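Nothing here was measured: the structure is a model prediction, and the numbers come from that model. Numbers restart at 1 for each chain; the letters A, B, ... are given by sequence-line order, proteins then strands.
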Protein chains: 2
Amino acid sequence: MLSMSTFCYAVLVIQRPYHHGDLRSALLSRAEETLREAGVDGLSLRELARDIGVSHGAPRRHFRDRRALLDSLAVEGFARLRGALEEAASPVPERSFEGTLSTVAVAYVTFATDNPALLELMFTSKHQAGASTELHDAANASFATMAALVEEGQARGELTEGDLERIGLVLFAMLQGITSLANTKMIDSRQLDQLTGYAVEALLHGLAPRTESAAGSHT
Amino acid sequence: MLSMSTFCYAVLVIQRPYHHGDLRSALLSRAEETLREAGVDGLSLRELARDIGVSHGAPRRHFRDRRALLDSLAVEGFARLRGALEEAASPVPERSFEGTLSTVAVAYVTFATDNPALLELMFTSKHQAGASTELHDAANASFATMAALVEEGQARGELTEGDLERIGLVLFAMLQGITSLANTKMIDSRQLDQLTGYAVEALLHGLAPRTESAAGSHT
DNA sequence: ACCTGAACACCGTTCAAGT
DNA sequence: ACCTGAACACCGTTCAAGT
């Protein structure tokens, strides 16, 4: 009576079946862990295959090369980033534009600092020579959320009516810069949200003293 | 009469002397070229040794490992960055604070986009676990230039009297963000200086319309 | 359709031995 | 003091062969 269950145990745990079943997602999911723990440089296809219990040639059926696997991780990352940004940007009654902008900004830097290696991978992948259209689409969908936010700010009269792209780039550069400083430990993670809010405020209202109007610097 | 010069030719060009003479600087200088052409990932100690014409074990006398060579490149990079920033910040009669700040900002993003792989290496090296004090000192010397600029702005009454570190971080984040966008080709290099100037202006005077003072968003 | 395993051409690192 | 060259343990990629 026990022979069948013993046999199954052996097949499922000790001696894996010849076909893994869902090697592709197993690779991606393990790869994301390794990415988080060891960075892009610490991610090796052979080690991945070893961890999962499959031969080192097996991943090739699902990813042409290492680059292809990294690109898939990046696409997944952009999709998750987009979700986080859209949730933060979703309308809340009584919330000021500055409040919404701050919330979205904090959502961005939170994602970025929770997934430092992934974020870096996302941008280097997108920047690559032969980046897939799938990757570009995923990236653009993320950015579209932020562009919509700038348009909303202009419509509500809380952002200057200048070139949409220019304003969007400056805002995005600010977020990316804070991210970069946080991920290289130049900003303490405890003061991250506070600094992000301060940066949004500075960007909206300026760092120059506002009490006196354009005091001459000499004479 | 020709035998001596022929001998020298053979020694110097065909058959290299056993001792290279200045292998350390030869490695660093070739490494910087490779870094520029192929990025950090494309830099291999063995290839470097091959290019210079020395055995693959030779670099070990001068750099304990690959990391040590990269760190030396980073230190060199911070020294050059500091030079560029100090030149841009050096006093010019009749120049407004905003003018100086813009000039320094442009100097930073110019260095960063002229040496994209080097800049990335500089920050990842500094961020490393066992980063040398030499590296930290070189990095801090670069940042000190920018901190001095913020203090000057406050002294001239053109920057709000808030926390020096907070203001410095926001400014620096902006520059680092623009750098990141430029190096991933999200900003066209032709409009880089212009956008940098615009970002400085936005940071000083704000992106919110200034004609009406704090218009309520509802009611 | 999916996976294995040998083969190839690369790495970084170590270290006894050579000059 | 500096460099060589064999050795070791890793890679990514390819591909005939197995199930």
Side-chain angles (χ1 to χ4, degrees), chain A residues 7 10-31 34-35 37-74 117 121 124-125 128-130, chain B residues 7 10-31 34-35 37-74 117 121 124-125 128-130:
Chain A
F7 172 75
V11 167
L12 290 174
V13 177
I14 307 285
Q15 184 202 337
R16 280 216 156 73
Y18 192 84
H19 286 68
H20 177 277
D22 201 359
L23 182 54
R24 199 192 130 92
S25 19
L27 284 166
L28 282 175
S29 127
R30 181 73 189 116
T34 312
L35 184 67
E37 289 160 12
V40 190
D41 290 350
L43 201 160
S44 120
L45 282 184
R46 289 179 103 110
E47 190 182 4
L48 228 51
R50 240 181 281 128
D51 288 351
I52 293 175
V54 86
S55 82
H56 68 258
R60 235 227 158 198
R61 187 69 29 189
H62 304 280
F63 301 100
R64 201 170 1 156
D65 53 19
R66 185 174 182 272
R67 193 65 256 172
L69 185 142
L70 295 179
D71 284 359
S72 290
L73 284 176
L121 175 63
T124 54
S125 297
Q128 239 179 140
Chain B
F7 171 74
V11 167
L12 292 174
V13 177
I14 307 287
Q15 183 203 339
R16 281 212 155 78
Y18 191 85
H19 287 67
H20 178 277
D22 201 359
L23 183 54
R24 199 192 130 90
S25 21
L27 284 166
L28 282 175
S29 128
R30 180 73 188 117
T34 312
L35 184 66
E37 289 160 14
V40 190
D41 291 348
L43 200 160
S44 119
L45 282 183
R46 288 179 103 110
E47 191 182 4
L48 227 52
R50 241 181 279 128
D51 288 351
I52 293 175
V54 87
S55 83
H56 68 258
R60 235 225 157 200
R61 187 67 31 188
H62 305 281
F63 301 100
R64 202 175 357 163
D65 53 20
R66 185 173 182 271
R67 193 66 258 173
L69 185 141
L70 294 179
D71 284 358
S72 289
L73 285 176
L121 174 64
T124 54
S125 297
Q128 239 180 139

Report task. With DNA chain D as reference, determine whether A:Asp65 or B:Gly21 sits nearer its 5' end, using the nearest nucleotide of each. Result -> B:Gly21
Query raised in the report: On DNA chain D, nearest-nucleotide positions of A:Arg46 versus B:Leu23: which is more 5'?
Result: B:Leu23
Query raised in the report: Where does the chain A footprint on DNA chain C start and end, counting 5' to 3' with a 4.0 Å heavy-atom cut-off?
Result: C:dA1 to C:dA7
Report task. Please work out if A:His62 contacts a base, only the sugar-phosphate, or nothing of the nucleic acid, heavy-atom cut-off 4.0 Å. Result -> sugar-phosphate
Query raised in the report: Considering only heavy atoms from C-beta outward, does the side chain of B:Thr124 approach that of B:Val40 to under 4.5 Å?
Result: no
Query raised in the report: Do A:Asp41 and B:Asp41 touch side chain to side chain, with heavy atoms closer than 4.5 Å?
Result: yes
Requested in this report: Could you please name the partner base of D:dT19, counting Watson-Crick and G-U wobble pairs only when both distances are under 3.5 Å?
Outcome: C:dA1
Requested in this report: Show your working on side-chain contact (heavy atoms from CB on, under 4.5 Å) between A:Arg66 and A:Leu43 and close with a plain yes or no.
Outcome: CA-CA 9 Å; A:Arg66 185 174 182 272; A:Leu43 201 160; 4.3 Å; yes
Query raised in the report: Just checking B:Arg24: base, sugar-phosphate only, or nothing, at a heavy-atom cut-off of under 4.0 Å?
Result: nothing
Query raised in the report: Under 3.5 Å, is there a donor-acceptor pair between the B:Ser125 and B:Arg67 side chains?
Result: yes
Query - Taking every non-hydrogen atom, the tightest pair across A:Asp51 and A:Arg30 - result: OD2-NE, 3.0 Å
Query raised in the report: Which is true for A:Arg50 with a 4.0 Å heavy-atom rule: it touches a base, it touches only sugar-phosphate, or it touches nothing?
Result: sugar-phosphate
Query - Residue pair B:Leu27 / B:Val54, side-chain heavy-atom distance below 4.5 Å - result: no
Query - Nucleotide paired to C:dT14 in any strand shown, Watson-Crick or G-U, under 3.5 Å - result: D:dA6
Query raised in the report: With a non-hydrogen cut-off below 4.0 angstrom, is A:Arg61 in contact with a base, only sugar-phosphate, or nothing?
Result: base
